[in-house]
Amino acid sequence: AVTPFYSEAERQFAPTQDWTAGGADTLVLYVQGRKDNAPVQLYVAIEDSAKHVGVVVYPDPAVATATRWTRWKIPLNSFAGVNMTRVKKMYLGLGDRQSPAAGGAGRIYTDDIRVTKP
């Protein structure tokens, strides 16, 4: 209803984390929406200790309306410019983080967020 017109959850890690440990190269999470939600962009952003932020957007805004769990696998190299050996924050959000605009409403659920090998 008011600016910034996106919804975002943040997790800060202290100390920073090495997401490449043990050969890990993929972030995996599950998301479930509700059929009464409006389709809206879903994104994950990762920030490293130097404050570099990389954002990856789910390819289909209809994921916010999916009533079944959707698995989202994101290669760590998709977070361009981010040092994945020094991860400080993770953001999960809905809306356009770069160009917020009014619209979209509803609720999503996330589960089983992990970093793994393929």
Side-chain angles (χ1 to χ4, degrees):
V2 296
T3 189
F5 302 119
Y6 64 92
S7 180
E8 184 174 86
E10 171 187 323
R11 167 73 197 277
Q12 184 165 339
F13 302 102
T16 60
Q17 295 188 344
D18 179 357
W19 282 15
T20 66
D25 65 357
T26 306
L27 174 66
V28 179
L29 62 102
Y30 290 79
V31 63
Q32 180 180 7
R34 295 171 48 159
K35 64 182 173 184
D36 59 344
N37 286 354
V40 64
Q41 181 174 283
L42 170 68
Y43 64 86
V44 173
I46 304 297
E47 180 179 332
D48 66 20
S49 60
K51 299 191 182 281
H52 298 122
V53 178
V55 180
V56 176
V57 176
Y58 192 82
D60 184 0
V63 71
T65 67
T67 58
R68 293 182 182 216
W69 288 103
T70 300
R71 181 178 176 185
W72 187 12
K73 293 174 60 174
I74 308 168
L76 294 183
N77 61 9
S78 298
F79 297 98
V82 176
N83 182 346
M84 299 309 278
T85 66
R86 306 279 302 153
V87 174
K88 181 178 179 180
K89 292 183 183 177
M90 176 181 169
Y91 306 88
L92 180 63
L94 295 164
D96 188 336
R97 195 170 201 258
Q98 304 304 320
S99 300
R107 179 178 298 189
I108 66 162
Y109 305 93
T110 58
D111 201 3
D112 296 335
I113 300 171
R114 64 187 183 276
V115 179
T116 187
K117 293 190 265 188

Evaluate side-chain contact (heavy atoms from CB on, under 4.5 Å) for I113 paired with M90, printing each intermediate quantity in order.
-> CA-CA 11 Å; I113 300 171; M90 176 181 169; 3.6 Å; yes
Walk me through it: do H52 and N83 pass the test side-chain contact (heavy atoms from CB on, under 4.5 Å)?
-> CA-CA 8 Å; H52 298 122; N83 182 346; 6.0 Å; no
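In this structure, the separation between CG on L42 and OG1 on T110 is 9.0 Å, given to the nearest 0.5 Å. The CD1 atom of I74 sits 7.5 Å away from the CD1 atom of I46 when rounded to the nearest 0.5 Å. Taking OG1 of T26 as the start and CZ of R114 as the end, the distance is 10.5 Å to the nearest 0.5 Å. To the nearest 0.5 Å, atom CZ of residue R86 and atom CG of residue D18 are 9.5 Å apart. Remark: K117 NZ to D25 CG distance equals 9.0 Å, nearest 0.5 Å. The distance from the CG atom of L94 to the CD1 atom of I108 is 4.0 Å, given to the nearest 0.5 Å.
Other residues, nucleotides and ligands contribute only 12 or fewer heavy atoms inside 6.0 Å of the CZ atom of R68.
Between A64 and A38 the shortest heavy-atom distance is CB-O, 3.8 Å. The minimum heavy-atom distance linking T65 with P39 is given by the pair CG2-N, 3.8 Å. Taking all atoms of both residues into account, the shortest heavy-atom contact from Q41 to P61 is N-CB, 4.1 Å. Here the closest heavy-atom approach between residue Y43 and residue S7 is recorded as OH-O, 4.2 Å.
A side-chain donor-acceptor contact under 3.5 Å links Q32 to the backbone of T67. Side-chain atoms of N37 come within 3.5 Å of backbone N or O of R107 as a donor-acceptor pair.
No side-chain heavy atom of V31 sits less than 4.5 Å from a side-chain heavy atom of Y58. Under the 4.5 Å side-chain criterion, counting only non-hydrogen atoms from C-beta, V44 is in contact with L92. Between D48 and T85, the closest side-chain pair of non-hydrogen atoms is not below 4.5 Å. Looking at heavy atoms from C-beta onward, E47 lies out of side-chain contact with Q12 at the 4.5 angstrom threshold.
Checked options L27, V55, V87; the residue passing with F79 is L27 (criterion: side-chain contact (heavy atoms from CB on, under 4.5 Å)).
No continuous path of ILVMFWY side-chain contacts below 4.5 Å connects Y30 to Y91, so the two sit in separate hydrophobic clusters. L76 and F13 end up in the same hydrophobic cluster when Ile, Leu, Val, Met, Phe, Trp and Tyr side chains are linked at under 4.5 Å. One hydrophobic cluster, built from ILVMFWY side chains closer than 4.5 Å, cannot hold both W69 and V63; they sit in different ones.
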